[in-house]
Number of protein chains: 4
Amino acid sequence: MQNKNLTRREREKLRYRRQMLAAALELFSEKGYHNVSMHEIAKRAEFAIGTLYKFFKNKEHLYKALIMEKAAEYHHTLSGVLSREGDVLTILKDYISAKAGVFADDVATLRLYFAETRGASFNIKSGLDQDIRNLYDELIEQLASTLKKGIRKNMLRDLNPYYMAVALEGITNAFLLCWLEDPERHSYEANAPVIGDMFLKGVMAE
Amino acid sequence: MQNKNLTRREREKLRYRRQMLAAALELFSEKGYHNVSMHEIAKRAEFAIGTLYKFFKNKEHLYKALIMEKAAEYHHTLSGVLSREGDVLTILKDYISAKAGVFADDVATLRLYFAETRGASFNIKSGLDQDIRNLYDELIEQLASTLKKGIRKNMLRDLNPYYMAVALEGITNAFLLCWLEDPERHSYEANAPVIGDMFLKGVMAE
Amino acid sequence: MQNKNLTRREREKLRYRRQMLAAALELFSEKGYHNVSMHEIAKRAEFAIGTLYKFFKNKEHLYKALIMEKAAEYHHTLSGVLSREGDVLTILKDYISAKAGVFADDVATLRLYFAETRGASFNIKSGLDQDIRNLYDELIEQLASTLKKGIRKNMLRDLNPYYMAVALEGITNAFLLCWLEDPERHSYEANAPVIGDMFLKGVMAE
Amino acid sequence: MQNKNLTRREREKLRYRRQMLAAALELFSEKGYHNVSMHEIAKRAEFAIGTLYKFFKNKEHLYKALIMEKAAEYHHTLSGVLSREGDVLTILKDYISAKAGVFADDVATLRLYFAETRGASFNIKSGLDQDIRNLYDELIEQLASTLKKGIRKNMLRDLNPYYMAVALEGITNAFLLCWLEDPERHSYEANAPVIGDMFLKGVMAE
DNA sequence: CATGAATGAGGGTTCATTCAT
DNA sequence: AATGAATGAACCCTCATTCAT
């Protein structure tokens with residue numbers, strides 16, 4: 001889609017960029033931002049260090065590009081689920097499943113996602129923080145507005161929808177974390193129904 | 001209390017140590033482990049760098065001491081609440097409130113706590129990770145065993161108690177995070193009842 | 001000679017390396033391993049500290065490279081003299097002269113050589129020690145085997161050839177040391193015949 | 001002898017001083033000047049660091065005191081042998097034996113002695129060097145003058161007596177070094193006759 | 001345009017020395 | 001007089017970044 005109307009040169013550059021970001025994702029996820037050097041990333045991506053700097057102004061920009069790209073993907077997918085027409089309860093269940101799917105085959109991203117959304121990355125240099133947070137808040141708001149619809153239709157209890165959204169995020173993330181730590185024992189996907197059940201029972205109108 | 005039976009020298013050393021840890025906590029919480037230098041900590045604590053190293057073998061040990069001390073406090077308080085006699089529902093509500101209290105006047109610690117328990121710190125050098133994780137897991141198990149009691153008494157639904165505990169942690173942490181980001185708007189304490197209500201409604205037997 | 005078949009880049013690297021080693025030799029010889037900092041070496045060699053570390057993994061490796069390179073040269077030259085065909089007495093006299101030649105225009109190396117072979121360097125960090133000692137022992141053995149030949153031919157007294165070698169080394173080194181301390185007064189080269197005479201008279205068969 | 005006419009206080013101080021020097025000797029000999037800290041010495045000597053500094057102005061002075069004290073002992077003993085009346089050959093043989101005796105039960109000192117006389121200590125800060133060297137040169141001169149007497153009596157060949165002394169020192173030191181490195185294999189004492197024989201055969205008149 | 005050699009600021013840590021008790 | 005807590009200069013080394021080729 002985005003590759004349309006691009007010269008060969010431009011397509012190649014895009015491929016390079018993706019390779020670099022992929023290498024960076026692997027390394028950051030394995031060892032954390034500060035334990036990865038630019039040389040290491042360049043080597044893993046099979047480019048010269050200078051080339052890496054042609055694509056990304058500095059380490060921070062590279063990191064930010066990586067995070068933002070992944071966040072956009074994540075946001076786009078889940079946002080899609082939430083904007084579907086239909087029964088609120090179905091949408092919520094789908095949302096929970098979709099969240100599983102997003103990370104199912106991308107543990108590396110999940111790790112980074114937690115580092116960022118948990119505020120644990122301690123403003124790798126600030127500035128970055130806000131942009132993701134905005135994206136994340138947008139999603140929460142969208143979730144809240146879905147829940148509000150459910151309240152209006154008397155399908156959900158009349159609680160603060162924003163806080164309900166926060167609670168849902170909290171539960172799903174907690175389970176994702178379980179899965180991240182011990183994928184064998186705690187399958188997020190297998191537990192998605194349990195999560196949905198617990199949450200929905202807590203917020204559904206009688 | 002703990003200062004009883006100590007010589008003046010020893011009491012002073014304890015005070016110094018606390019000052020150093022306090023300075024370190026502030027800085028680590030503001031900027032993250034890797035963005036804080038030992039010189040910086042020494043300066044903030046108003047000691048010479050050598051003195052800092054007299055108290056802590058190296059940066060990692062300092063960090064570990066800080067985390068473990070705070071974790072032990074946290075663990076001790078919440079563990080105390082969970083081991084009270086009495087109605088399961090009351091205990092759970094108390095637990096949620098207590099969790100608020102623990103961090104109420106210590107945002108810095110909360111930030112560190114998240115960095116660590118979320119696994120986002122990418123094992124600052126391993127070793128540390130496991131110790132806190134153990135402490136944390138212990139608490140989860142204790143919470144799970146409280147929930148199990150509730151199930152046995154038919155006060156709670158017959159769901160996997162470990163996952164119920166995970167869910168509760170997820171919700172409470174999500175709210176703490178809200179508060180951390182914008183303490184004015186989202187008071188965790190004020191919302192503790194909402195949290196409890198949502199969670200309990202989701203897990204209570206009819 | 002060794003620069004054949006090398007790219008310009010490679011030849012330059014070799015030149016850089018030599019400059020660094022030369023600077024290090026000067027400094028180590030003047031002040032000793034522990035009184036020379038890597039910054040000092042870098043400065044004297046007119047490179048940035050980082051560049052120094054590109055060429056040598058750390059201070060110890062730099063030192064070891066320096067010592068081993070010089071030791072190999074020294075060993076190679078003297079070993080060459082000892083493996084010549086011909087009269088044992090001539091070989092020994094040549095050996096004594098050659099030893100003079102090796103150090104004639106390289107006082108710095110001589111100083112380092114003594115520091116190492118005299119065991120006085122107190123294994124700068126071990127590992128190094130053994131490698132030079134091995135090289136040195138090899139030479140002594142070769143010298144001993146030359147002396148053994150002399151004994152077999154009844155040109156030398158039937159004494160333990162290893163100890164004869166030790167004695168010869170002791171005498172020559174003592175004179176080198178004299179020269180090292182006061183090159184004007186005690187020319188090792190001028191005294192080589194005296195040394196040879198004294199030693200040979202002591203070990204020659206009648 | 002030196003303890004005569006001293007107050008109890010003074011005698012005690014002397015004892016302290018000796019303990020400190022003994023600890024320092026052990027450590028310096030084991031690990032070398034730069035790998036021993038003042039704290040380590042204080043600890044081994046069982047004094048507070050401040051007390052150590054009361055007795056020795058700084059690390060260098062402590063080292064110098066140690067070296068000079070040992071050198072004086074060494075010098076005194078050997079000087080005694082050389083100033084005996086009697087046959088030159090006997091004196092020389094006695095000298096060689098005495099040199100063995102001096103170090104026989106004090107390997108630590110021997111190690112230090114080599115570090116210093118070999119110039120390998122690289123002027124731990126200069127200044128020190130000269131004082132020992134002077135003491136050492138004095139001994140060489142005394143040895144040379146003994147040899148001169150032998151020449152005058154036509155017992156020794158008419159060679160430069162200073163260089164003969166240098167040669168003798170070279171041989172004996174080489175054997176001491178052998179012994180230092182592998183005391184089992186190379187007994188200096190057992191080889192003293194061999195050394196004497198080789199040297200004397202080389203310098204004796206026919 | 002890609003490359004990677006060169007740079008040097010800055011971080012963690014040690015240890016000789018001082019001085020209040 | 002003896003102590004040892006406190007100090008901070010200086011060391012080794014890493015790594016983000018630049019720029020000549």
Side-chain angles (χ1 to χ4, degrees), chain A residues 9 12-13 16 33-43 46-63 125, chain B residues 8-10 12-13 16 33-43 45-63 125, chain C residues 8-10 12-13 16 34-43 45-62 125, chain D residues 9 12-13 16 33-43 46-63 125:
Chain A
R9 182 102 241 133
E12 202 155 65
K13 282 189 80 169
Y16 285 179
Y33 183 79
H34 285 285
N35 298 313
V36 171
S37 75
M38 288 297 268
H39 271 97
E40 222 170 336
I41 296 171
K43 196 166 188 187
E46 305 195 83
F47 286 98
I49 182 76
T51 312
L52 193 59
Y53 273 89
K54 281 279 194 299
F55 281 80
F56 304 96
K57 200 182 133 198
N58 58 36
K59 193 180 178 184
E60 211 180 310
H61 277 69
L62 163 57
Y63 183 73
K125 215 65 181 194
Chain B
R8 192 184 53 71
R9 224 332 13 110
E10 286 170 326
E12 204 158 62
K13 274 189 85 167
Y16 286 179
Y33 183 78
H34 286 287
N35 296 311
V36 172
S37 77
M38 288 298 268
H39 272 99
E40 219 172 336
I41 296 171
K43 196 164 190 186
E46 304 195 83
F47 287 99
I49 182 75
T51 311
L52 192 58
Y53 275 90
K54 277 279 195 303
F55 281 78
F56 304 96
K57 203 182 130 202
N58 56 36
K59 192 180 177 183
E60 214 178 308
H61 275 70
L62 164 55
Y63 183 73
K125 213 63 184 191
Chain C
R8 192 185 51 72
R9 192 94 253 142
E10 284 170 327
E12 203 157 62
K13 275 189 85 166
Y16 285 178
H34 286 287
N35 296 313
V36 172
S37 76
M38 287 298 267
H39 270 99
E40 220 171 336
I41 296 171
K43 196 165 190 185
E46 305 194 84
F47 287 99
I49 181 77
T51 310
L52 192 59
Y53 276 91
K54 276 278 195 306
F55 282 79
F56 304 96
K57 203 182 130 201
N58 55 38
K59 192 180 178 184
E60 214 178 308
H61 275 70
L62 164 56
K125 213 65 186 192
Chain D
R9 182 99 243 137
E12 201 156 67
K13 279 190 81 169
Y16 286 180
Y33 182 80
H34 285 285
N35 299 313
V36 172
S37 75
M38 289 297 269
H39 271 98
E40 222 171 334
I41 296 170
K43 194 166 190 187
E46 306 194 84
F47 287 98
I49 182 76
T51 312
L52 193 59
Y53 273 88
K54 280 279 193 298
F55 281 79
F56 305 96
K57 197 182 133 201
N58 57 35
K59 193 179 177 184
E60 210 180 311
H61 276 69
L62 163 57
Y63 183 75
K125 215 62 181 195

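Order of the sequence lines sets the chain letters (A, B, ...), proteins ahead of strands, with each chain counted from 1.
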Q) How would you list, by chain and number, every residue that makes a salt bridge (Lys or Arg N to Asp or Glu O under 4.0 Å) with A:E46, sequence neighbours excluded? A) none
Q. How is the base pairing of DNA chain F summarised as a dot-bracket string, given the Watson-Crick and G-U wobble criteria with both distances under 3.5 Å, [ ] for crossing and | for another strand?
A. .||||||||||||||||||||
Return the value, rounded to whole Å, for the distance between atom [atom1] of [X] and atom [atom2] of [N].
X	N	atom1	atom2	result
A:H34	E:dG10	NE2	P	16 Å
B:N35	F:dA16	CG	C1'	13 Å
D:K43	F:dG4	NZ	P	11 Å
C:F56	F:dT14	CZ	P	15 Å

Q: Please name all residues satisfying side-chain hydrogen bond (donor to acceptor under 3.5 Å, both in side chains) with C:E40, sequence neighbours left out, ordered by chain then number.
A: C:K31
Q | Partner set under side-chain hydrogen bond (donor to acceptor under 3.5 Å, both in side chains) for C:H61, not counting sequence neighbours | A | C:N58
(Q) My understanding is that only residues two or more places apart in sequence, or in another chain, count here; which of them pass side chain to side chain contact (heavy atoms under 4.5 Å, CB included) with C:T51? (A) C:M20, C:F47, C:A48, C:F55
Q: Classify every nucleotide of nucleotides 6-11 of chain F by which part a protein heavy atom approaches to under 4.0 Å, writing B for the base, S for the sugar-phosphate alone and - for neither, in 5'-to-3' order.
A: SBBBBS
Q. Between OH of D:Y33 and CG of C:N35, what distance do you get to the nearest 0.5 Å?
A. 8.5 Å
Q | Minimum heavy-atom distance between A:K59 and A:H34, given as atom pair plus value | A | NZ-CA, 4.2 Å
Q. Do the side chains of A:L62 and A:K57 get nearer than 4.5 Å, heavy atoms only?
A. no
